[in-house]
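We use all heavy atoms of the structure for the numbers below, so side chains are in, but hydrogens, waters and symmetry mates are not. What you are looking at is a predicted structure, and each value in this text was computed from that prediction instead of being measured.
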Amino acid sequence: MGINTERDIEANLQIGPTDQGMVRIFIEANGVEIPMDFTSEEAEEIAEEILAAAKAVKG
């Protein structure tokens with residue numbers, strides 16, 4: 001499975017700060033919870049990658 005493999009899975013996504021000074025991306029799907037914590041610098045890099053992908057899709 002790769003990034004271009006389409007799947008029919010519903011998931012909930014939450015993004016926010018933690019009380020430990022991290023940025024958390026929290027995914028829940030089919031009873032599985034995946035919390036991923038990042039430093040502010042890592043979160044900014046992720047945000048830049050998301051923006052670059054969005055711009056690439058627009059052409």
Side-chain angles (χ1 to χ4, degrees):
M1 180 170 75
I3 198 151
N4 288 316
T5 303
E6 197 169 321
R7 304 290 294 216
D8 190 22
I9 299 173
E10 291 185 28
N12 293 313
L13 173 69
Q14 297 178 22
I15 302 171
T18 70
D19 58 0
Q20 299 295 311
M22 302 291 280
V23 175
R24 177 167 289 172
I25 297 176
F26 184 83
I27 302 168
E28 186 276 322
N30 298 329
V32 176
E33 296 178 348
I34 305 171
M36 296 180 287
D37 292 347
F38 302 93
T39 64
S40 60
E41 292 82 11
E42 292 170 325
E44 288 175 351
E45 288 177 18
I46 292 167
E48 289 171 2
E49 289 181 30
I50 291 170
L51 288 171
K55 288 178 184 178
V57 169
K58 286 182 180 180

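- With sequence neighbours left out, Leu51 forms a side-chain contact (heavy atoms from CB on, under 4.5 Å) with no residue at all.
- When the side-chain hydrogen bond (donor to acceptor under 3.5 Å, both in side chains) test is applied to Glu28, the partners found at least two apart in sequence or on another chain are Asn12.
- Checked against side-chain hydrogen bond (donor to acceptor under 3.5 Å, both in side chains), Glu42 has the following partners two or more places apart in sequence or in another chain: Thr39.
- A pairwise comparison of heavy atoms in Glu10 and Ala29 identifies O-CB, 3.5 Å as the closest pair.
- Ile9 belongs to no hydrophobic cluster with other residues, because no ILVMFWY side-chain heavy atom falls under 4.5 Å from its own, directly or through intermediates.
- Hydrophobic cluster of Met22: no remaining members, since no ILVMFWY side chain lies below 4.5 Å from it.
- Through side-chain heavy atoms spaced under 4.5 Å, either directly or across other Ile, Leu, Val, Met, Phe, Trp or Tyr residues, Ile50 is tied to Leu13, Ile15, Val23, Ile25, Ile27, Val32, Ile34, Met36, Phe38, Ile46.
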